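The structure appears right after this line, and notes come after that.
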Amino acid sequence: MWCPPCIPNDLVRDVYQFARRLGDLLVSQGLVTPDQLGRAIAEQVRTEERLATVLVRLGFVDEDDLIGFLSREYKLPVVELPDEIPPDIAKLVPASVARKYEVLAVNRTAMGLTPAVGDPTNVSALDDVSFRTGLRVLPVLARPSALRRYLMQAYQSPRETLADALTLAEAEAERIERSQGRGLDHDLRVSADQAPIVRLVNAVLEEAVRRGASDVHLDPTEPALRIRLRTDGLLAEVMAAPKRIEAAVISRVKIMANLDIAERRLPQDGRIKLRYLEREVDFRVSVLPTIFGESIALRVLDKDALRLDPGMLGFDDWGLQHFEKAIQSPHGVILITGPTGSGKSTTLYSAIQALNSPDRHIVTLEDPVEYNVPGVNQVQVRDEIALTFATALRAFLRHDPNVILMGEMRDTETAQMAIRAALTGHLVLSTLHTNDCPSTIARLVDMGLPPFLLASALRLVVAQRLVRKVCTDCAEPVEIDEDTLAAYGVPPRGRERVVLYTGKGCAICNFTGTRGRVAIYEVMAITPEICELIMANAPAGDIRRVARDQGMRTLREAGLAKAIDGVTTLDEVARVTAE
C-alpha cells in the first residue's frame, strides 16, 4: 500500500500559526500583487471559496508555484496521488465533509489518518476530519485540481446516461397519455414535474457542463425534439427525443427559468441557476415559438470557466501591451469587434476586472448581465420599460463614473452618446459587429459619426475570433513543407520542413481531436498617423496598411502563429479567418 512521507508531530500548530498570513506571504514573495490579492479576497467573500482556490481560478498564480510555496511555508510534503485509492480508505471521511473542504483520505496507519489537502490554511477542515473519524490527522499536500478529480471518482454516484434518462421519460409519457387531466396547462405542469422528465432535463444540462458546452439547443421538428450541444463553437446532436415528451421537456425548462408555461405564442427570456459538483452554473434561457413548437436555446454561463486575466486570453506580446495601455487611459473609446460567439464578452469582462479597484467607479450596461462582478454597478437593459441603451447611458453620465462598459453599440444614438462620454472624460468600452479592425472605422462613419470625433475619441480597436485547440492528450506531430504554409499566407524562411500538431482523437476530446478554444486577436492602436487617415475619411485598405506597418498582426497572421506554436491547426485557422 502507498504510504506518505513522515510528517512532523507539531504540524497542526504550524498550520494554525501561518493560516492568517497566507495573503501577506504571497505578496511578500512576489507570487501575487496587492491588487490581485484584493480582487481575490473580494471574490472569496462572494463565493466563500478558499483564498488559494480563488487565486488559482482567477489565474493570478500558477497552481504548481502555489503548491510549492505552501509546501515550503507549512513544511508539508507534496505528493502525487496514486492511480487508485482504496474505497474503504477514501470513505473514512464522509462525502459531505470531503466535498466541503476538498479533503481526500489517502492512507491510514497506526499513527493516524493521512488526508490530502490543497489548502493547508483550512484548519477547520483538519479539525472536522479528526472529529468525524476519531483519528489523528497527518496531512499532505496535493494539487487542488487533482483532488477534485479524485473526489468525483470516490464519492459521485454513477452518472445517469442520457439514454437511461430518455428511456424513463418515454415510459412516463406513455403513462400520462393514458390518464385524463383537468386541462392542458395543468397536464403540462404535472408532466413537467414528473421525476423522469426532471431527470432527463437535468441529465442534458449536466452533460452540457461536463462537456464544456457553451449552448444547449432544444429544437422541435415535425417527428422529434432535437437536442444539440455547441462545444468549441460547433453544434452536435446528442439525442432526438420522441415528440410525445416534447411539451413536458419544454415546460420543465420554462418552470426552472420562472417563465409562463401557458404562453406559447410569444418569445420569452429567463435564467436558470444550478449548482453542479460544487460549481455555480447559470443558464440564460431564450424561448422562441416556431411552426413545430417552442425552440429553446440555453447559453451556459460557467463562472469557473471564465478567465478574467487579460494575459491568459491569447494576446501576443505586442497586442497585450497595447491593450493594457489602452484600458488604463483616463478617457476614450475601446471597441471589441467580432461576430456573435467570438468571445467579446470575455475580453470586456477581463478589462473590467483589471480596472476594478476601490478608486474607480465602474458602471456597465448589458443585455443581459451574464456574469456578476463584485464592486461593479451592473445595469440590465429592459426595453419593455424604456430602459434602453440610450436612456441608461444618459443616466450614467449623471452618475459620476470613471469607466463605462456598454454591451453593444446598437444604433447611431447609442454610438453618438458613447463618443460624447469619451470626449467628456470617461473611458468607454463596448462591442461592435464588424469583420476586422479597419472596417470598424468605416462602420462607425456609416452610422453617422463624424470622422473628426472618431479620431479624437478612439483609443484602440480589437477584432477577435475563437479557434479550437489541439487536444493535448492525443496531439501528434505532423511535418509539412513551406509551400503548404505559403498557401495559408506564411512567407518562406528557408526551412525544409515545419512540425505542426494535430489531434488524432481520444475519449478525453470525444474523438474530435480538439478540446477547448483560444482567442486570436487583431489589435489596432489609434496612432496619430491613423487619426489623420480617419480625419481624411481614408478607405479601410489604407488604414490596414499603415496599421500593419506599425506592428498590427491580422487575424489570419495571429492564427497562423498559434498553429506554428502547436496550439491549433491550419485548417481551423482557415475556417475562422479570411484573407
Side-chain angles (χ1 to χ4, degrees), residues 43 46-48 188-189 192-193 197-220 227-231 247-290 293-306 308 340-341 343-346 348-349 352-353 363-389 392 405-408 410 431:
E43 178 72 2
R46 186 182 70 84
T47 62
E48 299 182 357
L188 283 177
R189 183 172 290 277
D193 287 337
I197 297 298
V198 172
R199 292 167 67 176
L200 175 60
V201 173
N202 289 346
V204 170
L205 299 183
E206 177 184 333
E207 185 73 6
V209 178
R210 188 184 69 81
R211 291 194 187 186
S214 60
D215 299 88
V216 181
H217 289 263
L218 310 178
D219 298 322
I227 300 176
R228 297 182 293 171
L229 301 180
R230 186 182 296 277
T231 306
V249 171
I250 297 299
S251 295
R252 174 59 188 168
V253 175
K254 291 168 73 173
I255 289 170
M256 295 173 71
N258 294 317
L259 300 177
D260 183 2
I261 66 169
E263 179 56 72
R264 293 178 289 276
R265 301 169 301 171
L266 297 174
Q268 297 187 70
D269 294 310
R271 203 177 187 105
I272 298 173
K273 180 174 289 189
L274 298 177
R275 184 166 290 277
Y276 171 74
L277 297 180
E278 306 303 322
R279 294 158 59 187
E280 186 178 289
V281 182
D282 286 0
F283 296 84
R284 194 177 75 208
V285 182
S286 174
V287 182
L288 183 68
T290 71
E294 291 179 287
S295 173
I296 292 185
L298 301 97
R299 170 63 59 88
V300 184
L301 305 174
D302 187 355
K303 296 178 177 62
D304 287 347
L306 182 66
L308 294 179
T340 301
K344 299 188 299 297
S345 295
T346 299
L348 282 179
Y349 276 110
I352 288 298
Q353 189 63 36
V363 290
T364 75
L365 181 60
E366 305 171 62
D367 184 20
V369 175
E370 295 186 349
Y371 298 99
N372 297 325
V373 183
V376 175
N377 294 312
Q378 297 174 270
V379 177
Q380 168 78 53
V381 171
R382 298 181 61 188
D383 291 330
E384 67 273 14
I385 60 172
L387 181 57
T388 63
F389 276 95
L405 183 150
M406 188 169 58
E408 182 182 350
R410 293 190 171 182
T431 68

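Quick note: numbers below take in every heavy atom, side chains included, and nothing from hydrogens, waters or symmetry partners. Please read these numbers as outputs of a predicted model, since none were measured by experiment. Numbers here are sequence positions counted from 1.
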Could you walk me through whether Val285 and Met256 pass side-chain contact (heavy atoms from CB on, under 4.5 Å), step by step?
CA-CA 10 Å; Val285 182; Met256 295 173 71; over 6 Å; no

Leu229: which of Leu298, Val216, Val300 passes side-chain contact (heavy atoms from CB on, under 4.5 Å)
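Passing option: Val216.
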
With sequence neighbours excluded, tell me which residues meet side-chain hydrogen bond (donor to acceptor under 3.5 Å, both in side chains) with [X].
| X | value |
| --- | --- |
| Asp219 | Arg228, Ser295 |
| Thr431 | none |
| Asn202 | none |

Indicate yes or no: at least one non-hydrogen side-chain atom of Pro289 is less than 4.5 angstrom from one of Arg265.
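They are not in side-chain contact.
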
Contact check, side chains of Leu301 and Arg271, non-hydrogen atoms, under 4.5 Å
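Heavy-atom side-chain distance check passes, below 4.5 Å.
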
Under the side chain to side chain contact (heavy atoms under 4.5 Å, CB included) test, residues paired with [X] that sit two or more places apart:
| X | result |
| --- | --- |
| Asp367 | Gln380, Val381, Phe389, Arg410 |
| Ala297 | His217 |
| Leu266 | Glu263 |
| Leu387 | Val379, Arg382, Ile385, Thr391, Ala392 |

Main-chain N/O of Asp260 paired to Lys254 side chain as donor or acceptor, under 3.5 Å:
yes

Salt bridge (charged side-chain N to carboxylate O under 4.0 Å, His left out) against [X], all qualifying residues, sequence neighbours excluded:
| X | value |
| --- | --- |
| Glu366 | none |
| Arg211 | Glu207 |
| Lys344 | none |

Interatomic distance, [X] atom [atom1] to [Y] atom [atom2] [nearest 0.5 angstrom]:
| X | Y | atom1 | atom2 | value |
| --- | --- | --- | --- | --- |
| Glu408 | Leu365 | CD | CG | 11.0 Å |
| Leu200 | Ile227 | CG | CD1 | 5.5 Å |
| Ile250 | Ile296 | CD1 | CD1 | 4.0 Å |

After noting the C-alpha distance and the side-chain angles of Tyr349 and Thr364, does the key distance pass the side-chain contact (heavy atoms from CB on, under 4.5 Å) rule?
CA-CA 10 Å; Tyr349 276 110; Thr364 75; over 6 Å; no

Closest heavy-atom contact between Ser251 and Ile261?
O-CG2, 3.9 Å

side-chain contact (heavy atoms from CB on, under 4.5 Å) between Leu205 and Val253: does it pass, once the steps are laid out?
CA-CA 10 Å; Leu205 299 183; Val253 175; over 6 Å; no

